[in-house]
Protein chains: 2
Amino acid sequence: MPRLTDARKELRRTQITEAALRCFSRKGLERTSIAEITAESGLSAGSIYTHYRNKAELVQASAHAALAKHAELLGTYAASQSPPDPDELLARLIDGIDPVKSRVAVQVWGEATVDPIIRGVLVDMIDRLRSMMQTCIEAWLVKLEGLEPAEARERAAPIAQRVLALYLAELLHTSLQSPTEQAAS
Amino acid sequence: MPRLTDARKELRRTQITEAALRCFSRKGLERTSIAEITAESGLSAGSIYTHYRNKAELVQASAHAALAKHAELLGTYAASQSPPDPDELLARLIDGIDPVKSRVAVQVWGEATVDPIIRGVLVDMIDRLRSMMQTCIEAWLVKLEGLEPAEARERAAPIAQRVLALYLAELLHTSLQSPTEQAAS
DNA sequence: GTCTATACGATGATAGAC
DNA sequence: GTCTATCATCGTATAGAC
């Protein structure tokens with residue numbers, strides 16, 4: 001197994017998706033052309049197509065990468081020894097929102113409306129977010145509010161649901177606030 | 001002033017946007033071609049371009065139409081004699097969500113991320129929604145909770161903010177639940 | 001005002017050299 | 001694996017007849 005080769009391969013793929021994410025944040029998932037991604041990545045069209053079968057695959061990979069970063073942040077809190085209360089959790093998550101990534105995230109929402117694969121990626125990620133929030137809130141209810149594990153689990157679910165909703169709304173809000181450097185089509 | 005002519009003109013325009021909205025709901029704002037809208041509307045490309053300067057203008061008009069319908073529903077509650085409490089208000093709004101329109105609405109969010117004009121339309125509509133929610137909640141606080149108008153106004157704002165957030169999140173949820181009849185790009 | 005037919009541009013994707 | 005050059009396709013927008 002050529003481990004080094006695989007690692008380099010993956011490195012190239014992320015190099016491409018990183019460049020793509022920057023382009024998407026400026027022009028959107030659809031209106032970004034492959035040419036722009038080649039310019040941003042410093043690679044060529046041919047090279048990109050050896051790593052991704054077509055543009056749809058690249059968009060999917062980029063969407064996954066964009067959403068995963070949101071989950072990463074939450075993961076650190078979920079694993080924390082002293083879990084924050086729901087308000088504090090929400091505040092920290094909001095504080096961690098990156099305007100650039102928020103734009104791509106909201107674009108992914110729109111695309112998920114129409115593309116089943118992107119939708120699968122998004123639904124999956126949202127479920128993971130909710131699950132992690134629930135874990136975090138559950139731990140808080142047990143450790144700091146003194147609830148029984150059984151009752152904590154029961155009460156954590158609806159709270160997590162609402163924290164998630166407020167977080168998503170804030171994501172939308174952020175994506176609309178940050179200025180666009182791009183003229184209308 | 002040829003009033004009848006203007007009325008017919010407006011009628012044609014809505015006929016076009018209605019057809020466009022159905023197409024958008026299936027294929028998205030960008031991947032819907034003018035040809036598909038002509039087919040859906042029963043008109044021709046030439047006809048459409050006499051009513052809208054270009055596709056961007058048509059998308060803007062359609063976006064406005066899609067969002068306005070959400071506001072209409074809320075307007076009836078805001079003007080109601082017996083305003084519902086926040087939970088009930090939210091429940092009714094959610095109950096009134098149309099899956100087809102929810103998809104277009106979320107697509108508009110994504111587009112607003114990139115297109116300043118669409119963003120203006122969206123931000124405007126969101127502000128109107130929040131304002132109407134606030135009015136509704138304010139009336140409820142005064143009439144049914146017996147608060148002073150001054151305090152009601154103060155306390156209504158953050159509640160409206162949260163109801164709005166929960167509503168938007170539910171809109172996203174609905175847009176992801178309804179099945180897509182369209183293959184990936 | 002509406003249609004048919006078309007020009008023009010843009011873009012996704014590939015072939016073949018290195 | 002990567003690049004350059006190219007192709008084929010598709011979609012917007014327009015011109016001109018009715």
Side-chain angles (χ1 to χ4, degrees), chain A residues 1-20 23-24 26-63 107 111 114-115 117-118 182-185, chain B residues 1-20 23-24 26-63 107 111 114-115 117-118 182-185:
Chain A
M1 266 239 241
R3 176 172 299 214
L4 241 169
T5 300
D6 281 9
R8 285 199 77 80
K9 204 160 195 166
E10 200 53 38
L11 200 66
R12 259 293 133 88
R13 283 175 63 97
T14 65
Q15 174 186 356
I16 294 171
T17 54
E18 291 289 332
C23 294
F24 292 157
R26 289 196 293 263
K27 298 198 59 175
L29 264 41
E30 315 286 318
R31 291 216 294 257
T32 297
S33 67
I34 298 293
E36 287 164 320
I37 297 175
T38 61
E40 181 78 24
S41 67
L43 296 175
S44 67
S47 176
I48 288 181
Y49 277 94
T50 64
H51 291 280
Y52 295 96
R53 202 178 309 275
N54 50 36
K55 188 184 173 186
E57 247 187 32
L58 172 55
V59 170
Q60 289 154 21
S62 303
Q107 291 164 14
E111 190 65 13
V114 154
D115 181 329
I117 298 179
I118 298 276
Q182 181 64 26
S185 56
Chain B
M1 261 231 248
R3 175 172 298 208
L4 239 167
T5 301
D6 281 11
R8 285 199 77 81
K9 205 160 192 166
E10 200 53 38
L11 201 67
R12 255 298 129 84
R13 284 174 64 96
T14 63
Q15 173 187 356
I16 294 171
T17 53
E18 291 290 331
C23 294
F24 293 156
R26 289 195 293 264
K27 297 196 63 175
L29 263 40
E30 314 286 317
R31 290 215 296 258
T32 296
S33 68
I34 298 292
E36 287 165 320
I37 298 175
T38 62
E40 181 78 23
S41 67
L43 295 175
S44 68
S47 176
I48 287 181
Y49 276 94
T50 65
H51 291 280
Y52 294 97
R53 204 179 307 277
N54 50 36
K55 188 185 174 184
E57 249 189 29
L58 173 55
V59 170
Q60 289 155 20
S62 303
Q107 290 164 14
E111 191 65 12
V114 152
D115 181 331
I117 298 180
I118 298 275
Q182 182 63 27
S185 56

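In what follows, every chain begins at residue 1, and chains take the letters A, B, ... in the order their sequences are listed. Small disclaimer: the values here were computed from a predicted structure and weren't measured.
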Report yes if some heavy atom in the side chain of [X] is under 4.5 Å from a heavy atom in the side chain of [Y]; otherwise report no.
X	Y	value
B:Arg26	B:Glu40	yes
B:Leu43	B:Gln15	yes
A:Glu57	A:Asn54	yes

Item to check | Non-neighbouring partners of A:Glu36 that pass salt bridge (charged side-chain N to carboxylate O under 4.0 Å, His left out), sequence neighbours left out | outcome: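 By the salt bridge (charged side-chain N to carboxylate O under 4.0 Å, His left out) rule, A:Glu36 matches A:Lys27.
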Checklist entry - Listed by chain and number, what are the side-chain contact (heavy atoms from CB on, under 4.5 Å) partners of A:Glu18, not counting sequence neighbours? => result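 Per chain and number, A:Glu18 pairs via side-chain contact (heavy atoms from CB on, under 4.5 Å) with A:Arg22, A:Lys69.
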Next on the checklist: Going by side-chain contact (heavy atoms from CB on, under 4.5 Å), name the residues that satisfy it together with B:Ala20, two or more places apart in sequence or in a different chain.
Outcome noted: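 Only B:Phe24, B:Ile37, B:Leu58, B:Ser62 meet the side-chain contact (heavy atoms from CB on, under 4.5 Å) criterion with B:Ala20.
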To the nearest Å, how far apart are [X] [atom1] and [N] [atom2]?
X	N	atom1	atom2	value
A:Arg53	C:dG12	CZ	P	18 Å
A:Leu43	C:dA13	CG	C1'	17 Å
A:Ile48	C:dT11	CD1	P	14 Å

Checklist entry - Of all residues at least two apart in sequence or in a different chain, which pass the side-chain hydrogen bond (donor to acceptor under 3.5 Å, both in side chains) check with B:Glu10? => result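 For B:Glu10 there are no side-chain hydrogen bond (donor to acceptor under 3.5 Å, both in side chains) partners, ignoring immediate neighbours.
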Checklist entry - Can you list the steps and then say if B:Arg31 with A:Glu111 is a side-chain contact (heavy atoms from CB on, under 4.5 Å)? => result CA-CA 10 Å; B:Arg31 290 215 296 258; A:Glu111 190 65 13; 2.7 Å; yes
Checklist entry - According to a strict under-4.0 Å criterion, is B:His51 in side-chain N/O contact with OP1 or OP2 of C:dG1? => result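 Answer is no, no contact under 4.0 Å.
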Checklist entry - In the 5'-to-3' direction, what one-character label does each nucleotide of nucleotides 5-12 of chain D receive under the scheme B = base within less than 4.0 Å of a protein heavy atom, S = sugar-phosphate only, - = no such atom? => result ------SS
Item to check | Those residues of residues 9-16 of chain B lying under 4.0 Å from DNA chain C by at least one heavy atom | outcome: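 Listed by number, they are B:Lys9, B:Arg12.
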